[in-house]
Participant: 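One structure, pasted below without further comment.
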Amino acid sequence: MRYEEFVELGYVPGPDELIALYRVKPAKGLTLEDAAGRIASESSVGTWTEVKTVTDFVRSIRARAYEINGNYVKIAYKPALFEPGNMPQIFSAIAGNIFGMKAVRSLRLEDVYWPRELVESFPGPLYGVKGVKDILKVGKRPITATVPKPKVGLNPQEYAEAAYEIMVGGIDLVKDDENNASMKFCKFKERVELVLKAREKAEREIGERKGYLANITAPYGEMLRRANLVKDLGGEFVMIDILTAGWSALQEFRRENEDLRLAIHAHRAFHAAFTRNPLHGVSMKVIAGAARLVGVDHLHIGTVIGKLESRKSEVLALADILRKEEIKACERRRLLEKRWWNKRSVIPVSSGGLHPGLIPYVIKLLGHDLIIQVGGGVMGHPRGPLCGARAVRQAIEAVAEGIDLEEYAKSHIELRDALSKWSFTRPV
C-alpha cells in the first residue's frame, strides 16, 4: 500500500475508533501530509514498499490521517488494530516505531481518545478518590503525604522513627520514594514491619487513620511477593513506579489485586525522559489516561510551583483526565474528548518541592480531592519532622477557614517556623 492511501482528509471516524493526536515536524523535503501518511502506515498495516499479501480486509483496517491543523495531525485507528485489554500492544502501535522514522524530525503523541470497547476492556481503579478517602476517613480536606528524607540512606529503624513523627504530626500517608526498594542497609521486609508498627502506634495516640505507601517496584515475581507481605502485615497501600515497571507488570498486578485489595499509588518516575520535550515524545496526558484505565488509585501530576517542570495548563488537564467522568475536546489544551464509562476516578498527587507556604496555591489550583505530598517541606522544618507535619496540617486548616497563612501562623508556632524558613518561595 502506498503512503498516500493512509491519508484521507475529511474522513469521519466512527465512535469505535481510537483517535491519536500527534504534533509532527516532517523531515526536510517532506510535507506534513507525507509524514502523516508514513505515521499512519507504520503504526497500522503498512510498510515501506508494496507487498503481495495485502487483502481487502487489510486495506479496510488501515489507519487514516484525517485532519491536519498546523503541525497537528489526527489519526483514526480501527478497533481491529488493537487487542482489548492489552496496554503494551496499544502503545506498541500508537507510540512504537513511528518515533524512529526518518520521515519525522520530531514527533509527539499529544493525546488519545479511547473508544468504549477499549475503555471497558480495562478494570480501572479499585478504590479511586472516594475509596481511598474512605480508607483514611478523610473528609473534604486534601489527603497529606510525606517521604522521609533523605529518600535513600536511612536504615529501617531510622526510617520508622521518622515515619512515626510524620504520622503523629498529622500527615496521613508515609511514602517510600521511587528509588527506595530493598537495599542492603534498608531491607524491604524490615522497613515495612517497622513502619506499620509505627503506624499502629500513631493511630492509637492521635485517633486518626494512617497509611504507608510501600514501594514494591521490582521484577514482577518479587513485586507480587512484596505486595503479599504488605497485605499480611496489615498494610492497605502499595506504590509502583509504573513506567519503569512497565504496563505489563502493572496490568498483571492490577489483576492479582482483585484478591489483595490494596490501593495502588502510581509514581511516574522516568516520565520526563519522554514527556518533557514539547516537540517530541509522549505527553503525560496519554500516560494519565492509560493509568486510569489499567487501574491505579493515585498518580503524580506535578505542582506548577514546585521543583519539577510542570506547566499549569498540563497539570489542570491531568487533574481533569484523572477525576472527571467526561471531558470535552479542547484545541487550546490539546485535549481530545474523553469518556470513562463509569471507571472510578484517580486521586491526583501534587508533589515535588512543596512546603507549607505553597499549600494555599495548590489547593486553589486543584481543589480538595487531592494528595498533597510534602517531603523536604516536612523533614526540613527547623524543629524536625513532627513539627513539619503539624505545619502542613495547619496550612490546610488555614485555607479551610479562609485565613491568611501569615495571620494563622501568629497562633500556630509550627507554621510560623515553616514560613520563617521558606516563606512563599518556589524551589528551583
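Just so we're clear, the structure is a prediction, and the values are computed from it rather than from any experiment. Along the sequence shown, residues carry numbers from 1.
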Participant: Walk me through it: do Y361 and R426 pass the test side chain to side chain contact (heavy atoms under 4.5 Å, CB included)?
Facilitator: CA-CA 11 Å; Y361 178 92; R426 301 181 178 191; 4.2 Å; yes

Participant: Please determine, by modelled atom types, if Y11 and E17 share a side-chain donor-acceptor pair under 3.5 angstrom.
Facilitator: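 Distance-only check passes for Y11 and E17.
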
Participant: Identify the residue among R292, M284, K285 that makes a side-chain contact (heavy atoms from CB on, under 4.5 Å) with I321.
Facilitator: K285

Participant: Under 4.5 Å between any side-chain heavy atoms of F122 and R254, yes or no?
Facilitator: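 No. Closest side-chain heavy atoms not under 4.5 Å.
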
Participant: Do F99 and L109 have side-chain heavy atoms sitting under 4.5 Å apart?
Facilitator: yes

Participant: Do N86 and Q89 have a side chain donor and acceptor closer than 3.5 Å?
Facilitator: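 Judged by distance alone, the side chains do not pair up.
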
Participant: If you round to the nearest 0.5 Å, how far is CG of L21 from CD1 of I75?
Facilitator: 9.5 Å

Participant: Using 4.0 Å as the upper bound for N to carboxylate O, is an ion pair formed by R209 and E203?
Facilitator: yes

Participant: Does any part of the side chain of D172, heavy atoms only, come nearer than 4.5 Å to the side chain of V138, both counted from C-beta?
Facilitator: yes

Participant: For the CD atom on E326, are there more than 12 heavy atoms of other groups (residues, nucleotides or ligands in this structure) within a distance under 6.0 Å?
Facilitator: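 Buried by this count: over 12 neighbours within 6.0 Å.
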
Participant: Using distance alone, with no hydrogens and no angle criterion, decide if Y127 and D134 have a side-chain donor and acceptor under 3.5 Å apart.
Facilitator: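 Per modelled atom types, Y127 and D134 side chains form no pair under 3.5 Å.
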
Participant: Just checking, is any N or O donor in the side chain of E190 or N155 under 3.5 Å from an acceptor N or O on the other one?
Facilitator: no

Participant: Do R225 and E222 meet the salt-bridge criterion of a basic N to acidic O distance under 4.0 Å?
Facilitator: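 Yes.
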
Participant: Have D176 and Y159 got a donor and an acceptor in their side chains that come within less than 3.5 Å?
Facilitator: yes

Participant: Is there a side-chain contact between F91 and V286, using heavy atoms and a 4.5 Å cut-off?
Facilitator: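 Touching, per the 4.5 Å side-chain cut-off.
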
Participant: Given side chains that start at C-beta, do those of I347 and D369 come closer than 4.5 Å, heavy atoms only?
Facilitator: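 A side-chain contact under 4.5 Å is absent here.
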
Participant: I'd like to know if E5 pairs up with R59 as an ion pair, taking the criterion as any Lys NZ or Arg NE/NH1/NH2 lying under 4.0 Å from an Asp or Glu carboxylate oxygen.
Facilitator: yes

Participant: Return the CD1 to CZ distance between I135 and R261, rounded to the nearest 0.5 Å.
Facilitator: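 Here the interatomic distance stands at 10.0 Å.
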
Participant: With the side chain counted from C-beta on, respond yes when E33 and L9 share a heavy-atom pair under 4.5 Å apart, and no when they do not.
Facilitator: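 Yes - at least one pair of side-chain heavy atoms lies under 4.5 Å apart.
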
Participant: Is it the case that the side chains of H381 and H355 hold a donor-acceptor pair, with the cut-off being a distance below 3.5 Å and no angle test?
Facilitator: no

Participant: Would you please test T144 and I371 for side chain to side chain contact (heavy atoms under 4.5 Å, CB included) and show each step?
Facilitator: CA-CA 5 Å; T144 56; I371 294 175; over 6 Å; no

Participant: Calculate, to the nearest 0.5 Å, the distance between atoms OH and CG belonging to Y212 and L173 respectively.
Facilitator: 12.0 Å

Participant: Between I216 and M239, is the side chain to side chain contact (heavy atoms under 4.5 Å, CB included) condition met? List the steps.
Facilitator: CA-CA 6 Å; I216 64 170; M239 186 186 101; over 6 Å; no

